[in-house]
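What follows is one structure encoded as structure tokens, with my remarks underneath.
In what follows, chains are A, B, ... by sequence order, proteins preceding strands, each numbered from 1.
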Protein chains: 2
Amino acid sequence: MRSPEELTVAFRSAGLKVTPQRQLLFRLLHDNSSHPTADSLHSAATAVMPGISLRTVYQTLTDLAEMGELQSIEVGSGSLRFDPNVSDHHHAVCDGCGDVHDVYVSKAPVLRGLDDFSVSDAHIVYRGQCGACSALVATK
Amino acid sequence: MRSPEELTVAFRSAGLKVTPQRQLLFRLLHDNSSHPTADSLHSAATAVMPGISLRTVYQTLTDLAEMGELQSIEVGSGSLRFDPNVSDHHHAVCDGCGDVHDVYVSKAPVLRGLDDFSVSDAHIVYRGQCGACSALVATK
DNA sequence: TTGCTAATTAGCAATTGATGCAGATAAGGT
DNA sequence: ACCTTATCTGCATCAATTGCTAATTAGCAA
Ligand SMILES: [Mn+2]
Ligand SMILES: [Mn+2]
Ligand SMILES: [Zn+2]
Ligand SMILES: [Zn+2]
């Protein structure tokens with residue numbers, strides 16, 4: 001995702017308006033690697049701008065996704081997560097704390113059973129334990 | 001997933017009862033490679049046994065999953081899909097018709113960015129076009 | 001067979017994440 | 001400053017799933 005300043009320009013030239021709510025979300029999302037949900041973003045936004053609507057958060061996330069500034073991912077946590085990192089990568093989800101980490105995969109594996117199917121995209125979800133959660137279990 | 005006959009024994013010895021509703025679902029799921037949703041299963045079941053409740057379908061699917069007889073997968077179609085194939089495999093989803101196909105991956109790819117995380121499971125979702133949908137587009 | 005009892009079913013309420021809708025508001029070009 | 005149009009908020013709605021419970025029934029035992 002581009003910087004809040006660049007997004008301001010991009011939104012205006014797309015005929016979209018740049019509101020305080022959107023600027024706040026631009027800032028909250030920029031360089032955010034926590035893969036937040038709409039709800040967690042709304043909480044963070046509310047701390048700065050009380051009264052901001054969850055509906056507005058959803059709306060802005062949808063706009064950003066349509067502009068290709070972020071991707072939405074589904075890792076089985078029940079709700080969509082939003083990722084300003086739009087590079088080609090995958091995710092590891094900790095079964096302990098639920099945190100989502102970025103994973104980069106060197107090379108596509110060889111497939112079997114996929115005759116007559118043209119693949120345009122692949123997304124891998126790894127599950128396991130992050131370092132912190134492994135340590136917790138060990139000390140118990 | 002085991003055969004309806006074997007499941008009958010397994011359920012009884014687990015203290016669970018074998019009802020006509022469950023037997024029907026055993027049959028509908030056995031060797032079913034369509035990755036059905038709870039709702040599509042309920043439709044299929046209703047055709048044979050009018051009045052069977054969607055709640056019962058969910059309940060039986062949960063029981064079977066807890067017994068390890070089937071797995072539930074999430075491929076971004078909004079609802080859970082159930083898979084009596086519990087072997088280690090992945091899935092390809094057609095963006096045209098939504099059909100879900102099994103994919104077998106030879107060997108785990110090399111990962112980067114996963115320091116300090118122990119992976120216990122991985123699931124790959126491929127997206128693309130199945131043969132039938134590619135053909136449709138070609139003839140248009 | 002018959003009876004007992006715990007498991008199951010069906011129906012409906014409740015929950016959750018997300019989207020539809022509309023009147024009030026405000027961005028931003030003129 | 002003004003006007004048009006996009007946006008915001010609050011609320012209704014929706015879809016998938018789970019919670020709850022009275023009525024039913026499977027399966028064991030007498
Ligand atoms: Mn990511
Ligand atoms: Mn499968
Ligand atoms: Zn963790
Ligand atoms: Zn298809």
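Side chain of A:Val18, nearest nucleotide from C:dG17, D:dG10, C:dG28: C:dG28. Counting only heavy atoms from C-beta on, A:Lys17 has its side chain closest to C:dA27 among C:dA7, C:dA27, C:dA18.
One atom, NE2 of B:His42, and another, P of D:dT17, lie 14 Å apart when rounded to the nearest Å. Note: CD (A:Glu74) to C1' (D:dA16) measures 12 Å, nearest angstrom. A:Leu25 has its CG atom 13 Å from the P atom of D:dT7, to the nearest Å. Taking atom CD on A:Glu66 and atom P on C:dT19, their separation rounds to 11 Å, with Å as the unit. Taking atom CG of A:Leu7 as the reference point, atom P of C:dA27 lies 18 Å away to the nearest angstrom. Remark: P of C:dG17 and CG of A:Leu41 are 14 Å apart, rounded to the nearest angstrom. For the pair B:Leu61 CG and D:dT17 P, the interatomic distance rounds to 10 Å; values are reported in whole Å. When rounded to the nearest whole Å, the span between CD of B:Gln23 and P of C:dT9 equals 11 Å.
The distance between the ring centers of B:His35 and B:His91 falls below 6.0 angstrom. Here the two rings, on B:Phe11 and B:Phe26, have centers that are under 6.0 Å apart.
Close to C:dG28, at under 4.0 Å from its OP1 or OP2, lies a side-chain N or O of A:Arg12. OP1 or OP2 of D:dT9 has at least one side-chain nitrogen or oxygen of A:Gln21 nearer than 4.0 Å. Residue B:Arg55 places no side-chain N or O under 4.0 Å from the OP1 or OP2 atom of C:dC12. At C:dT19, none of the side-chain N or O atoms of A:Tyr58 fall inside 4.0 Å of OP1 or OP2 (strictly under the cut-off). For the pair B:Thr19 and C:dT9, the criterion of a side-chain N or O lying under 4.0 Å from OP1 or OP2 is met.
B:Arg127 has its side chain out of reach of A:Val119: every pair of non-hydrogen atoms, C-beta onward, lies at least 4.5 Å apart.
Heavy-atom distances to DNA chain D give each of A:Pro20 and B:Thr62 a nearest nucleotide, and the one nearer the 5′ end belongs to A:Pro20.
Taking each heavy atom of A:Ile124 and B:Ala122 in turn, the nearest pair found is CG2-CB, 4.4 Å.
Counting non-hydrogen atoms under 4.0 angstrom, A:Leu54 reaches nothing in the nucleic acid. Using a 4.0 Å heavy-atom distance criterion, A:Thr56 is classed as a base contact. No engagement by B:Gln59 is indicated, since no non-hydrogen atom pair under 4.0 Å with the nucleic acid exists.
Here D:dT9 sits opposite C:dA22 as a Watson-Crick or G-U wobble pair (both hydrogen-bonding atom distances under 3.5 Å).
Between the side chain of B:Gln71 and the backbone N or O of B:Asn85 there is at least one donor-acceptor pair closer than 3.5 Å.
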